[in-house]
Structures are given as C-alpha cells and as structure tokens.
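All remarks here apply to the structure that follows.
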Amino acid sequence: MPLGRHRCEWIDDRWSLFPRGIPSDTLSARPTGRGEDLRCLGESSDEFRSWGPRWRPIPCDLAARGRWIDVDDWTAQEAQFNGPRGSTLMIHRGRQRFRLAGARVNLGSGDDCTAWVFFEPKDRRKLPKMKCNRLFSRGVSKRSAIQRGGHLQPLPRWLTLLLASLTMLLVWGHPGTVEAQFFERALVLEGVHIPGPDGRVLEDSNIVLRGGRIVELGPDSDAPMMSKKLKVKGLFATAGLTDLSSTLTLDDVRSSSAIHSAWDGFDRYDSQQILRTLASGVTRIHLIPMGPGGIVGRVSSLSLGSRDEGGYGILHSEDVALCIDLSSGTPLERIRTYEKVRGALKSALNRRETVDDYTSDLEEYIEDLVEAAKKKAEEKDEEKDEKKGEKEKGEKEKGEKEEEGPKKPDRPERDPAAEILLQVLDHELPVMITARRSADLQNAIDLIEEFQLSAILRGADEAHLVLEGLAELEKVSLLLEVPRLSLTRGAGPRRDPHLIAQLDEEGISWAVGSGGESTSLWRSIQQLSGQLSTASPLPLALAQGAQGPFGGWLRRGATEVVLWEGNPAEDPLARPNRVIINGTVVWQRPSGTREGSF
Amino acid sequence: MKSGNLWWLILLTGWIGWCTTVEGSENSVVIRPVAVVALDGSICEQMAVVIRSDGTIAAVIPADQADPALPTVHAAAGSVLTPGLHDLFGALGCGQDALMAGTVLFDSQLDAAAAFDPTTGALDQAARHGILYTTVAAVPSGIRNGSSATFLCKSDATAQSVAAGRPMYALADSVLLSSREPTSRSAMVSLWKDFMVEGAGKNRDPGVLFCPDAIDFRQSLSLRWKSLPVLVHQGDARSPVERLAGKDALMVVGPFLENGNPAAVATAVRAARTGTELAFRGGLPAAPANHLRGSAAIAVAAGLDGDAARRALFSNPAQVVAGHGIGVIEPGARADLVLFSADPLDPAARVLRVWRGGQQMGMKTHGSIRELGGIR
C-alpha cells in the first residue's frame with residue numbers, strides 16, 4: 001500500500017513526523033509515537049491523528065518548517081527521504097534499524113516498519129533522549145554512517161561480545177597501562193631549565209611525564225594534546241635527592257633486633273616532618289633504625305611520594321642493610337656492645353653448622369627409613385607363610401623391630417634473627433655499622449676482617465685516625481654525616497677538615513647522609529663539597545643512591561623531579577620550589593602570605 | 001700677599017700633604033680585588049679595602065682605584081670580605097653560671113662584663129671560625145637585668161670592649177614564677193606597666209627585651225612603648241609578628257640548628273617579610289662553631305632573603321648592642337674583617353683570613369692528625 005506524501009505541520013514551533021508503516025489497522029493498534037502535537041497531512045492524513053499524551057515534542061530547526069518528506073512505496077521495499085538539511089529519518093523494522101539522510105534504503109518487505117523523522121539541531125544538548133538516537137549511537141559513529149551513505153550496520157553480536165571481553169581482560173589485567181594510555185593525561189613542565197652533568201643547562205625545555213615517569217625532556221619536546229601543563233617557567237629541574245642516612249619520623253622508635261625493620265617504625269602520617277624533608281629537595285630516604293646499641297634492625301629504602309591510602313611513603317626495599325650501632329653509650333658499654341655483636345655473628349655461624357648437621361642427619365634418616373621399609377616388606381612376605389596361631393608372637397616381634405627402627409633427628413628451632421645474620425655473613429645483605437670515634441672504628445674494622453663482611457661505616461668522624469686499617473679492607477665504604485665543629489676540645493668525635501681528600505687519596509668510597517630528619521642533607525653536601533675540587537655540589541648530591549630510575553641526572557624514566565628557584569649547580573642559595581613524585585606535586589613552596597601562618 | 005710668602009705657603013701645604021700621605025700609607029694594607037658585604041647586605045664585587053695601621057678601615061674603593069704602591073693582600077677569586085660575625089647573648093668568654101641575674105626584679109647595677117674572662121682560649125678558637133665579637137648578658141629573671149657587654153674575641157690578658165652596655169629587660173618567666181602562675185604573670189605585666197610610666201618610659205635607651213614565648217611577645221607589644229626595644233624572641237606559630245609591620249623593629253632570633261624547631265624559623269621568616277630586621281642569636285661555646293652561618297643558611301632555605309640574612313649576620317647584631325664602628329665595612333669602622341672563600345651564606349664557604357683590629361691572625365687549623373692522635 002503506498003504511503004503517499006506526508007507533510008509536516010508545525011505546532012508551537014515544534015515538529016515531528018511519524019509516518020508509520022501501513023496499513024491503518026496496524027497504525028491504530030500500535031501507537032509508538034511520543035508526541036501529542038503530531039499531525040501529518042497528506043493523502044492518508046485521515047489515518048493519522050494525534051498520538052497519546054506520552055509524546056514529547058522534539059525541538060528542531062525552524063528553517064525546516066513545512067518541508068515535504070517523500071517516502072515512496074514501503075511495500076516496494078524502498079524508501080526515499082528528502083528531508084531538509086539536518087533532518088534524519090530513522091526506520092525501525094523489527095530489530096533492524098536504518099538511518100536515512102537523503103538517501104535510499106532497502107527496507108525489505110513487511111508491515112512492521114516504524115519510522116521516526118527528527119532533526120538534529122546543532123546544539124545537541126537540546127536534543128531530548130530518544131530511543132532511536134540511543135540505539136543508533138551504540139554501533140557505528142554517526143559520521144561514518146553518513147559517509148557510508150546513511151546506512152547503519154549494526155555489529156555482529158559475536159564481534160561485539162569478543163571486543164567487550166578483550167576490553168575487560170585488558171582493563172583487569174593491566175589497569176595501570178589502560179589507565180595511563182586512555183585516561184591519564186600527560187603532565188608537562190613547560191619552560192624549565194635542566195642542568196646537565198657537563199655543566200651546561202638545557203634552557204626553556206619541556207618535561208613530559210606520563211604514568212608518573214618522564215617520557216620526554218628537552219627543548220624540542222612538544223606538549224601532547226589534552227596534557228596538563230604546569231606553569232614553572234624559569235625554574236631549574238633536577239632529580240630528587242636521596243638521603244642515605246635518615247631517621248625521619250623515628251624520633252621515639254627504638255629497635256634492637258635483626259628482625260626489626262625501620263619501615264615498621266616509619267610514621268607515614270607525620271606530614272609536617274615529611275613535608276619539611278620534601279621542601280629540602282629530598283625525595284628518597286634510607287631509613288636507619290635507632291636503638292640502644294648493638295644490632296638495631298634493618299635499613300629500609302622508601303620514596304616520600306603520597307600514597308593513595310593516605311599519608312606519605314612508598315616502600316622500595318625493606319632489606320637494604322643490617323644496622324649495627326657501635327657508637328652508643330659509655331666506652332665500657334661500647335666494648336660490651338662489640339662483644340655482644342661478635343657473639344651474635346658467631347652463634348649464627350654455629351647455627352649454620354647445626355642446620356647443616358640436621359640436613360645430613362635427615363638424609364641418613366630417610367635412607368634408613370627406606371631400608372627399614374624394604375626389610376618390613378620382606379618380613380611381611382614371610383609372615384604370610386606362618387600359621388595364624390603364631391600371629392600374636394609375630395606382632396610382638398614386629399613391635400620390637402619397629403622400636404629398633406631409625407630415629408628421626410631433632411629439627412633445630414627456627415631463628416629469624418640468625419637467618420638474617422647468615423644473609424649478612426653470605427654477603428647477601430650488607431651491614432651498616434655506626435662508628436664515630438676511632439676506637440669504635442677500630443672495633444668495626446676488626447669485625448669486618450673477622451667475618452669478611454660487606455660493610456658501610458656510618459658516621460666515621462675520626463676515620464683519618466684509622467685510615468690505614470680502612471684502606472686494607474676491600475668491601476667497605478663510608479657514610480659521612482653532618483660535621484659538628486666544636487670549640488671545646490674533647491667534647492665529641494672530631495672531624496678532620498681534610499678527611500675527604502684523604503679518603504679519595506686512599507681510594508675509599510664515601511657518601512653523605514644527614515643522620516637526622518634529612519632536611520640538612522643539601523646543606524651538608526654543600527658543606528662537604530667545599531673540601532672537594534669540584535665546583536658544584538650538585539653532581540655529588542645526585543650521585544648519592546643513584547639506582548635505576550631514582551637519583552642521578554634527570555633522564556627518561558625518572559619518577560622524581562625537584563624544581564628549584566635557582567640553579568643548584570651554581571647558586572648556593574637555590575632552594576626547591578616544587579617537588580613532583582610519580583606525576584603528583586607532593587610539595588609546593590607556599591606563597592609568602594600563607595607560609596607559617598597560623 | 002707677597003710672592004715670597006705665597007711660595008712658603010705652597011711649600012708648607014705640600015709638606016703637610018706629603019707627611020699625611022706617608023703617615024697614612026705607612027703600614028697600611030689594602031685587600032683587593034675582593035667582594036665586600038655592604039651595609040644593606042648585598043655583595044659588591046671588585047672592591048678594595050684599605051686598612052690603616054691604627055686598626056681602622058681607611059677606605060672602601062673600587063679595586064682599580066687602589067694605590068698599587070701599598071702592601072696588598074690578594075684575595076682569592078670568588079672570596080668575600082665581611083665584618084666579623086657576632087655571637088649575641090651566648091656565653092662565649094664566660095661560664096653560664098657566672099651570668100645568673102639573681103633574684104632582684106630591678107637590677108640596674110648588674111654588669112655582665114664582670115663575668116667575662118678574656119683569657120679563655122675559646123675566644124681565639126671562635127675567631128678562627130670568623131666570630132669576632134661576643135655579647136654577654138645576665139640570664140633574665142627580673143624586669144631589669146643589668147646591662148650587656150660586648151667584647152672582641154681575642155684571648156688576651158685584658159678584655160677589649162667594643163660597645164657600651166645596653167639595659168637588658170625581660171617580660172617572661174621571672175623570679176615571680178615560683179609563687180603562682182598565672183597570677184605571677186599578671187603581676188609581672190602590672191609591674192611592667194608601672195615601670196613604663198615611671199622608669200622605662202623616661203629612659204632614653206629602650207634597651208633589649210627578652211620575650212621568648214608567644215604570650216610574652218604579645219604582652220610586650222601591648223605595652224605603650226615610646227620607641228620599641230630590641231626584641232629577643234624564640235618564636236612559634238602563634239607569635240603575632242605581623243604586628244611589627246611598619247614599626248622599624250629589630251628582633252633577635254635563633255639560634256637555628258639542624259633538626260631544630262621549624263616553627264621558630266618560619267616565625268623569623270614571617271617577621272622579616274613584615275619589614276622587621278633580624279639578628280641571629282649566638283650560642284657559643286655549646287653550639288657548633290659554625291652555627292651562626294648555619295642559622296642563616298637554614299633561614300634562607302626557609303624563605304629568608306639573602307641580603308636580609310647577611311644583615312642578620314653582620315650589621316644588625318651591631319645595632320642590637322648599639323656598637324659603633326663594628327659590623328660594617330666602611331671608612332672609620334674597626335678593621336675586624338673575615339675573608340671567606342665564598343658567600344658566607346654558602347655552607348661550603350671557608351674562613352681564609354681573619355683581621356682583628358687590622359692585625360691578621362694566624363690560621364692554624366685546629367685538630368691536625370698528629371695532634372688528635374696524641375689525644376687518644
């Protein structure tokens with residue numbers, strides 16, 4: 001049945017057309033329209049009427065008022081839509097949906113066709129939610145549909161399911177990657193100056209961070225689209241400093257066993273202290289456990305980045321070194337501490353022998369058990385031939401034989417502290433010995449020589465007095481701390497002003513740590529660099545703890561960036577302005593009015 | 001005038017001029033080319049400082065204008081010449097016990113100079129670290145706590161005073177504290193108000209006022225001062241230092257030590273931003289020898305301006321003790337000078353040379369290896 005020509009009529013500046021599949025009985029039986037204002041004029045106008053109150057008018061372009069829409073013969077399986085510009089004809093036939101934009105479409109035959117015509121105004125926010133539009137947007141994009149001649153080809157169900165499954169797998173399997181690639185915007189530090197190892201400065205450079213890591217840096221780097229930009233023009237960018245000897249937030253925490261880890265005592269919610277440390281340019285610390293003397297615990301390595309759960313501190317390693325303190329207490333106490341540590345290391349060695357004995361005894365026991373089982377099997381065969389009357393007698397003999405069987409060796413009790421000491425003795429874990437006075441240093445040297453330890457000597461203020469002994473050791477390095485110059489003689493260990501030159505002369509490696517809250521690290525390095533021939537403290541500061549993406553000069557893959565107000569390589573008064581860890585600004589110098597305000 | 005007389009007059013003038021020149025240049029020393037810390041705390045490059053034989057500075061001129069005939073001390077490249085550092089209100093030169101004020105609320109007779117021992121070797125040790133002045137004062141326990149005394153850091157038989165004593169006041173924990181708190185504090189404030197009307201209000205010298213805590217500081221500022229005294233304030237987050245804005249105040253802060261109280265540093269920086277001039281308090285001999293420069297470095301790291309930090313190290317302490325001719329490098333001032341290898345705010349800077357009254361002192365490094373070995 002021909003549909004004929006239908007004309008839209010405007011009512012209250014709103015327009016809609018609902019030409020519906022013929023015949024009229026279907027029309028009356030299945031009202032699918034939405035607007036009560038709809039009226040259509042044409043040859044079959046009598047068959048159309050206002051549909052129910054559920055209709056909602058669709059706002060559209062007023063310029064389209066009164067245009068004709070040609071829908072030729074539905075039954076001829078073909079329809080033509082000559083609507084005004086911006087108008088779209090949606091034809092809904094069963095589960096298939098077609099879209100026409102001034103094109104022809106093959107509808108197929110049947111009476112269950114439903115069609116909507118509507119306009120797409122330029123401002124899509126005015127477009128109400130429509131069933132046809134929503135369905136349409138699920139499949140191919142509108143642009144591609146139009147390019148393909150107005151056809152909307154729904155994806156096969158199996159392909160849709162496959163794509164959905166793959167997407168889910170990707171999201172669950174690599175959430176970080178997916179997030180970084182699709183959802184995380186790049187962070188761009190624009191116009192920074194980057195000091196380099198050769199003393200030159202890359203001026204007006206861009207640093208692009210994605211997923212918390214530097215992916216590009218240099219003057220030629222472009223900011224990616226949709227990236228987040230930080231206004232940091234004129235600041236100097238370096239990697240974060242690493243404090244190899246920090247007691248941050250451990251003021252009241254004491255530990256006295258190898259199984260204690262400094263990380264356990266770290267207060268990740270002490271934001272005041274941590275932010276002060278970040279303000280000094282330190283982004284990474286080696287946390288030194290504090291104790292009464294002797295074996296005090298294990299050194300942990302952590303980054304001072306903010307955590308998703310709240311607070312600061314991301315653990316990198318809990319087993320950096322085992323810390324032994326030989327410098328606490330009176331001279332007599334220090335001697336006792338030395339003997340105590342020596343005894344602990346010896347007992348660890350004894351334990352190893354005990355464990356080795358147990359292992360060999362266990363092997364022998366298993367062999368004996370196998371032999372016993374064989375004998376038992378042979379005896380069982382013999383027993384089968386014996387009479388039932390002798391059963392009781394046989395059982396007695398069997399019991400006696402079982403008693404005579406191999407005895408299982410006693411397993412030594414588990415001792416986690418001794419196991420850690422054994423790691424130290426096997427060079428799997430270095431040992432950090434705190435010794436400041438020459439007598440303590442001599443004790444440390446004896447300990448290292450006796451047990452052949454890989455050691456780091458922390459403090460070592462009077463190292464110049466035992467330089468010969470230190471030079472003879474192979475696997476030893478020094479971790480110097482802030483020298484405290486005193487006017488009064490004998491008040492404490494005295495640091496020779498030329499100590500570093502002497503260490504360099506003897507070929508003993510050394511590094512610098514704060515020994516406290518880490519806020520003094522940069523000043524300590526500056527102070528010690530005055531004894532060196534190098535003009536700038538920056539290379540020394542960045543070489544500290546450089547490992548993998550951490551520390552060292554700023555490069556791709558680095559996760560920690562410090563932005564300074566002056567060039568730290570040249571300006572002794574340069575101070576950090578911002579600290580960025582894993583793509584997040586964890587500290588920013590407050591403005592003058594805010595700083596320190598109550 | 002006859003031509004003969006005129007001729008004689010010219011000859012006489014020439015002779016006087018020659019004599020003056022020779023006398024002035026005799027034993028004079030010029031240090032050049034060197035960067036000099038100016039009165040405003042800035043560093044002036046390529047200067048020359050002429051030191052007279054009488055131990056004063058004759059001239060501070062551009063290096064190329066200095067007389068090449070004069071004996072010259074060639075300063076190392078990058079070195080900076082500064083006035084001597086000043087250990088304010090520490091105990092350098094006297095024991096802590098010797099500075100107790102007693103139990104009198106108004107003690108104007110107490111003179112801290114009586115506790116000073118010039119023979120102690122710590123004075124020379126301090127001088128080797130660039131600290132050339134020490135100001136001692138009694139530990140405040142009343143309203144008036146005697147007068148301060150300022151000396152040159154020189155281990156000698158006699159003490160060399162370089163500034164007159166200033167009256168020392170306190171609005172803080174006092175001898176009244178042991179009775180009742182807060183009644184004793186209220187009584188203290190009442191006494192202070194009376195004293196302002198009767199004593200301090202009429203006194204020409206407002207002196208130095210100890211007000212270590214925030215409450216002391218607040219109550220001190222609530223008094224009606226004709227001219228504000230020098231405030232010695234420890235500082236914490238509650239200190240209303242903003243009230244000092246526009247008052248040309250001078251405040252003694254510190255000493256700041258590594259891992260010390262960060263609120264005190266932040267308060268000092270806040271005060272400096274309101275226009276208050278700072279001076280760093282000393283703490284020798286208990287504190288580390290380089291603590292004054294350490295205080296400055298910590299304050300700079302917390303946001304203090306570099307020039308303000310240099311003023312707080314050199315010129316402002318001299319103003320605190322009302323010393324004339326100390327703390328500055330200008331003609332007529334005492335030639336108590338320190339030559340640093342770099343900007344004194346740079347922790348890497350070392351003391352290269354020291355002049356006390358124009359006399360260069362020997363820079364024997366303390367603690368040689370052999371010497372330390374002997375101690376063991």
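Here is how names work: the chains are called A, B, and so on, in the same order as the sequence lines, proteins then strands, and each is numbered from 1.
Proximity to chain B (any heavy atom under 4.5 Å) is restricted, for A:Arg276, to the side chain, taken from C-beta onward. For B:Leu304, the part sitting under 4.5 Å from any heavy atom of chain A is the backbone (N, CA, C, O) and nothing else.
Partners of B:His233 according to the ring-ring contact (aromatic ring centres under 6.0 Å, His included) rule, which considers only residues two or more places apart in sequence or in another chain, are B:Phe217.
Counting non-hydrogen atoms of other residues, nucleotides and ligands closer than 6.0 Å to CZ of A:Arg575 gives a total above 12.
No donor-acceptor contact under 3.5 angstrom links the side chains of A:Asp243 and A:Ser245, judged on distance only. Checked by atom type, the side-chain pair B:Ser42/B:Asp307 shows no donor-acceptor distance below 3.5 Å. In summary, the side chains of A:Thr277 and A:Ser518 do not present any donor paired with an acceptor at a separation below 3.5 Å, with no hydrogens or angles considered.
Test B:Phe280, B:Phe151, B:Tyr133 against B:His86 for ring pair (Phe, Tyr, Trp, His ring centres under 6.0 Å) and you get one pass: B:Tyr133. When B:Asp343, B:Asn316, B:Thr82 are each tested for a side chain to side chain donor-acceptor pair (under 3.5 Å) with B:Arg310, only one passes: B:Asp343.
Contact residues of residues 291-298 of chain B toward chain A are B:Ala297, B:Ile298 (heavy-atom distance under 4.5 Å).
Comparing B:Ala122, B:Ala263, B:Pro262 by how many heavy-atom pairs each has under 4.5 Å with chain A, the most go to B:Pro262. Ranked by heavy-atom pairs under 4.5 Å with chain A, the list B:Ser341, B:Ala309, B:Ala301 is led by B:Ala301.
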For A:Ser327 and A:Asp325, run side chain to side chain donor-acceptor pair (under 3.5 Å): C-alpha distance rounded to whole Å, both residues' side-chain angles, the deciding distance at 0.1 Å, then the answer.
CA-CA 6 Å; A:Ser327 66; A:Asp325 189 353; 2.9 Å; yes
